[in-house]
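Below is one structure, written out as structure tokens; comments come after it.
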There are 2 protein chains.
Amino acid sequence: MDKEAILITARCPIRTTLELLGGKWKLLILFQLHHAPFRLSALRKNIPDISEKMLIQELKSLQESGLVLRQNFGEVPPRVEYQLTAIGRQTMPLIEQMRAFALAYEEELRRNTASGQ
Amino acid sequence: MDKEAILITARCPIRTTLELLGGKWKLLILFQLHHAPFRLSALRKNIPDISEKMLIQELKSLQESGLVLRQNFGEVPPRVEYQLTAIGRQTMPLIEQMRAFALAYEEELRRNTASGQ
DNA sequence: CTGTATCCGCGGCGATACTG
DNA sequence: CAGTATCGCCGCGGATACAG
């Protein structure tokens, strides 16, 4: 690998992803939407400890990034569904890797405590 | 997939990874250490805009999580090297996915601007 | 039901000075 | 060179009230 590639500049893929998906909630929301489109109230139920403000705020951020699509059915009472865009669906391998890493990490923890650490 | 698996509880793999690797700097540091062990000063050079306080603080956090190993050579002047542990090395697929996603995202951006959006 | 508006605490993060 | 100590900003994120 090129030596120059080690230097981390302001514009670097990792930082880009961090800006798009960083923070406490975005990946959890995307994980939800990977299963199916959801209404706001359903998302709140599935992520019990998120506040309404943060949920809407993060959904808006994800829309503006082009990762999530907001579909307003224009009914009364209001009905709005959120779903992933094509590029939003591409966060799935990333989320899978996060899950895989967490499981490997917890397995490692168990091994260490078991071996009398 | 089981319907129950959609609910995101306080203990969930995604949150675990978020706690271990969340924040502005940890993944950038791990990416550095993936290439080779580094001294503190070298890390600072390769991540130009990190403050010394944050670098040390995040390195300490990564040590406590068991992802990074601190090796003190006990010389004068001081010489300390940081390197990944076995489990720390397992963050690599995750980082690779972050890079892959950022590239796909930027490609998507270019396509959209090109097609007269 | 789907949002907006407002207030605010806390902690992430940075800047600077200092030490062994 | 590799840290520690201290101070302070500011923005993330939470609570609550209100609106269409």
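First the proteins, then the strands, lettered A, B, ... as listed; each starts at 1. Side chains included, hydrogens not; waters and symmetry mates left out as well; all remaining heavy atoms used.
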When the distance from [atom1] of [X] to [atom2] of [N] is rounded to whole Å, what number comes out?
X	N	atom1	atom2	answer
A:Leu55	C:dT4	CG	C1'	14 Å
B:Ile50	D:dG3	CD1	C1'	14 Å
A:Leu59	C:dG3	CG	P	8 Å
B:Glu52	D:dC7	CD	C1'	17 Å
B:Leu27	C:dG12	CG	C1'	16 Å
B:Gln57	D:dA2	CD	C1'	16 Å
A:Met54	C:dT4	CE	P	14 Å
B:Gln63	D:dA2	CD	P	13 Å

Does [Y] offer a backbone N or O that forms a donor-acceptor pair with the side chain of [X] under 3.5 Å?
X	Y	result
B:Arg15	B:Thr9	yes
A:Thr85	A:Leu69	no
B:Thr17	B:Pro13	yes

Q.
Taking the minimum atom-to-atom distance to the side chain of A:Ser51, which one of C:dT2, D:dG14, C:dG14 wins?
A.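 Taking heavy atoms from C-beta onward, the closest nucleotide is D:dG14.
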**Q.** Nucleotide nearest B:Arg70 (side chain, heavy atoms from C-beta), chosen from C:dG3, D:dG14, D:dA2
**A.**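 Nearest to the side chain of B:Arg70 among the choices is D:dA2.
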Q.
Between the opening five pairs and the closing five pairs of the helix from C:dC1-D:dG20 to C:dG20-D:dC1, how far apart are the helix axes, to 10°?
A.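 Answer rounded to 10°: the end axes differ by 40°.
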Q | Option passing salt bridge (charged side-chain N to carboxylate O under 4.0 Å, His left out) with B:Lys26 (candidates B:Glu58, B:Glu64, B:Glu19) | A |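 Between B:Lys26 and the candidates, salt bridge (charged side-chain N to carboxylate O under 4.0 Å, His left out) is satisfied uniquely by B:Glu58.
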For [X], report the nucleic acid contact type (base, sugar-phosphate, nothing); a contact means any heavy atom under 4.0 Å.
X	result
B:Arg44	nothing
A:Leu40	sugar-phosphate
A:Tyr82	sugar-phosphate

Q: Look at the side chain of A:Lys53 against the base of D:dG13 and say whether a donor-acceptor pair falls under 3.5 Å; ignore hydrogens and angles.
A: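 A donor-acceptor contact between them is present.
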Q) Any idea which heavy atoms bring B:Arg89 and B:Leu84 closest together, and the distance? A)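 For B:Arg89 versus B:Leu84, the nearest heavy atoms are NH2-O, 3.7 Å.
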Q: Check whether A:Tyr105 and A:Leu103 end up in the same hydrophobic cluster, where Ile, Leu, Val, Met, Phe, Trp and Tyr are linked by side-chain heavy atoms less than 4.5 Å apart.
A: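 The answer is no; the residues belong to distinct hydrophobic clusters.
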(Q) With a cut-off of less than 4.0 Å, is there a side-chain N or O of B:Arg39 near OP1 or OP2 of D:dA2? (A)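 For D:dA2, OP1 or OP2 has a side-chain N or O of B:Arg39 closer than 4.0 Å.
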Q. Should the pair A:His34 and A:Phe31 be assigned to parallel (<30°), tilted (30 to 60°) or perpendicular (>60°) ring geometry?
A.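 Aromatic pair A:His34/A:Phe31 classed parallel.
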**Q.** 5' precedence on DNA chain C between A:Pro77 and A:Lys60 (nearest-nucleotide basis)
**A.**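 Its nucleotide being nearer the 5' end, the pick is A:Pro77.
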